[in-house]
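First comes the structure, then the notes that go with it.
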2 protein chains.
Amino acid sequence: MIRRIPQDRDRGIPDATVARLPLYLRALNGMAERGTATVSSEDLALAAGVNSAKLRKDLSHLGSYGTRGVGYDVQYLIYQISRELGLTQDWAVAIVGVGNLGRALANYGGFASRGFRIAGLLDADPHVVGDRIVGLVVEHTDELESVIKKRGVSIVVIATPATAAQQVCDRVTAAGVTSILNFAPVVLAVPDGVDVRKVDLSIELQILAFHEQRKANGGPIMAEEWPDGVVM
Amino acid sequence: MIRRIPQDRDRGIPDATVARLPLYLRALNGMAERGTATVSSEDLALAAGVNSAKLRKDLSHLGSYGTRGVGYDVQYLIYQISRELGLTQDWAVAIVGVGNLGRALANYGGFASRGFRIAGLLDADPHVVGDRIVGLVVEHTDELESVIKKRGVSIVVIATPATAAQQVCDRVTAAGVTSILNFAPVVLAVPDGVDVRKVDLSIELQILAFHEQRKANGGPIMAEEWPDGVVM
DNA sequence: ATCACTTTGTGCATCGCTTCACAAAGGCAC
DNA sequence: GTGCCTTTGTGAAGCGATGCACAAAGTGAT
């Protein structure tokens with residue numbers, strides 16, 4: 001029963017809030033580009049697609065960074081959220097599995113602009129090893145541990161087939177990595193203290209299908225037997 | 001204030017449950033392949049990475065499909081979950097934006113095996129139009145509306161750059177699509193009744209960075225001024 | 001200085017999800 | 001059938017997130 005360690009004073013920011021901070025940051029960056037100097041919670045909430053009371057409560061967890069009667073200073077808030085999320089430092093990320101998805105991730109502009117530096121691309125397929133992508137040469141997964149250690153990789157993205165994912169996971173956690181973003185459709189087993197976030201492309205589609213079916217039918221077919229009438 | 005319409009009797013399945021059903025389904029499919037006939041809530045929960053009480057409560061929302069003292073029949077449960085999620089029918093999906101991400105999605109095996117049939121690949125770039133991917137020829141986005149109508153597309157995946165996403169969204173909703181999976185890093189505005197799910201690759205990394213920073217520092221730097229000491 | 005106006009920050013009620021803990025229900029042996 | 005064992009299904013308590021509504025705090029005009 002691992003409970004939250006109280007070492008982080010009482011600055012424990014709710015998970016739901018942390019998950020929304022990147023959203024606010026994106027909206028703020030857009031505003032900064034358009035030259036907006038200050039923004040009210042109402043407007044920012046609208047841009048981020050949330051309720052304004054929720055936005056204010058979220059921001060209040062970081063500190064009191066607004067001015068009553070005025071709003072929030074865009075640049076200042078960008079800095080504070082970035083700092084809280086840890087984006088003011090440079091994170092070395094390795095991507096394991098350089099198929100289409102791995103390439104898409106490597107080319108994704110949203111990483112570099114937020115302090116995530118791709119420090120390694122690795123693949124098990126000799127045909128892919130040696131390819132040059134965004135200025136990086138793909139290395140063989142044999143080099144996994146050495147790449148992690150030499151380049152100070154602290155976050156690993158797993159974009160391999162499902163069958164390889166657990167093995168890659170075991171190796172990178174053994175090498176000291178404690179943050180993993182997993183795209184493979186498997187539940188990874190990890191030691192305590194390791195954070196895994198997962199993105200499963202097909203799960204999202206299945207959730208959409210559920211709602212689409214509801215819209216069409218007003219509920220699923222009520223028959224609870226097998227299609228041919230067998231009861232079990 | 002649109003409330004849930006009570007037309008779906010009281011079979012309203014909690015969103016949190018719906019989001020986990022695909023997880024259970026995946027675990028069950030693995031068991032079926034390995035020839036397991038029945039499974040207890042304890043074992044299935046373990047395989048899906050959740051707590052067994054939660055699993056039982058989730059399944060109880062679908063009906064009473066277990067046998068006390070024994071567990072759940074794997075095949076039967078697969079069928080019931082699939083039916084509830086709407087995977088027993090065939091969904092025509094169009095992918096708009098055939099960059100690396102679009103290609104990754106088109107090649108992703110997890111779709112076809114769950115009733116999702118890719119019925120169209122569209123891109124605005126003339127260099128990409130005409131490419132052949134998983135047996136489909138990429139069409140120009142000019143054809144968007146006609147592809148949707150002719151092939152009965154009910155779910156659209158947006159994998160375009162952020163700048164094009166809202167426009168694509170407007171066009172597909174105007175054409176009658178009510179389920180969208182959005183990979184572009186923007187908040188889409190849609191008419192009432194349209195479901196949008198979003199996957200933002202960089203948000204997940206940012207959440208990881210937050211926790212990683214916490215692990216390293218025991219909390220973020222306490223200084224709440226600007227780096228150079230300016231107070232605002 | 002005072003007043004009118006705007007917008008933040010938050011106490012509080014509410015809601016939905018999670019988890020515990022156990023009665024009910026079925027299987028199996030004799 | 002009777003009794004024991006296993007596992008489900010669920011009532012109820014607990015917990016965290018949400019959203020309302022308003023006092024507090026700031027701006028700017030007179």
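Chain A is the first sequence line, chain B the second, and so forth, proteins listed ahead of strands; every chain is numbered from 1.
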* Atom pair distance, as rounded to whole Å: CG in B:D15 and C1' in C:dG16 -> 10 Å
* Can you tell me if the side-chain N/O atoms of A:T67 get under 4.0 Å from OP1 or OP2 in D:dG26? -> no
* Only counting residues at least two apart or in another chain, list the ones meeting salt bridge (Lys or Arg N to Asp or Glu O under 4.0 Å) with B:R197. => A:E204
* Asked: Distance check: side-chain N/O of A:R56 vs OP1/OP2 of D:dA21, anything under 4.0 Å?
  -> no
* To do: Specify the closest pair of heavy atoms between B:D170 and B:T173, including all atoms of both residues, with the distance to one decimal.
  => O-OG1, 3.0 Å
* Asked: How far apart are the C-alpha atoms of B:D200 and B:Q206, what are their side-chain angles, what is the distance that settles it, and do they pass the side chain to side chain contact (heavy atoms under 4.5 Å, CB included) test?
  -> CA-CA 10 Å; B:D200 187 323; B:Q206 292 175 59; 5.8 Å; no
* To do: Could you check A:A53 against B:G66 and say which one's nearest nucleotide on DNA chain D is further toward the 5' end?
  => B:G66
* Asked: Distance only, no hydrogens: is a donor on one side chain within 3.5 Å (strictly under) of an acceptor on the other, for B:S41 and B:R56?
  -> yes
* To do: Tell me yes or no: between the side chains of A:E33 and A:N29, is some donor less than 3.5 Å from an acceptor?
  => no
* Structure fact -> Readout for nucleotides 1-6 of chain D: B = base within 4.0 Å of protein heavy atom, S = sugar-phosphate only, - = neither; 5' to 3' it is -----B
* Length of the NZ-C1' vector between B:K54 and D:dG9, whole Å -> 17 Å
* Asked: Whole Å only: how far is the CG atom of B:L62 from the P atom of D:dT8?
  -> 15 Å
* Might you work through the side chain to side chain contact (heavy atoms under 4.5 Å, CB included) test for B:N182 and B:V199, ending with a clear yes or no? => CA-CA 6 Å; B:N182 177 35; B:V199 178; over 6 Å; no
* Structure fact -> Atom NE2 of A:H61 and atom C1' of C:dG9 are separated, to the nearest Å, by 11 Å
Could you go over nucleotides 28-30 of chain C and give all protein N or O partners under 3.5 Å, atom names and distances?
none

* **Separation of D:dT8 C1' from B:L59 CG (nearest whole Å)** => 10 Å
* Asked: side-chain contact (heavy atoms from CB on, under 4.5 Å) with B:Y24: which of B:L77, B:I78, B:V50?
  -> B:V50
* Contact under 4.0 Å: A:N51 side-chain N or O vs D:dA17 OP1/OP2 -> no
* Report yes if the side chains of A:T160 and A:F183 come closer than 4.5 Å at any heavy-atom pair, otherwise no. => no
* To do: Find the distance A:E42:CD to C:dT8:P and express it as a whole number of Å.
  => 8 Å
* To do: Could you check which of D:dA17, C:dG9, C:dT18 has an atom nearest any side-chain atom of A:S60?
  => C:dG9
* Touch check for B:S64, heavy atoms < 4.0 angstrom, all strands: base, sugar-phosphate only, or nothing? -> sugar-phosphate
* Spacing between A:D73 atom CG and D:dT27 atom P, to the nearest angstrom -> 13 Å
* **Heavy-atom donor-acceptor pair, A:K57 side-chain to D:dG19 base, under 3.5 Å** => yes
* Does A:Y76 have its ring centroid less than 6.0 Å away from the ring centroid of A:Y79? -> no
* Distance check: side-chain N/O of A:Y72 vs OP1/OP2 of C:dG9, anything under 4.0 Å? -> yes
* To do: Round to the nearest Å and state the distance from B:I13 atom CD1 to C:dC17 atom P.
  => 12 Å
* Asked: Is it the case that A:S179 and A:D195 place a side-chain donor and acceptor less than 3.5 Å from each other?
  -> no
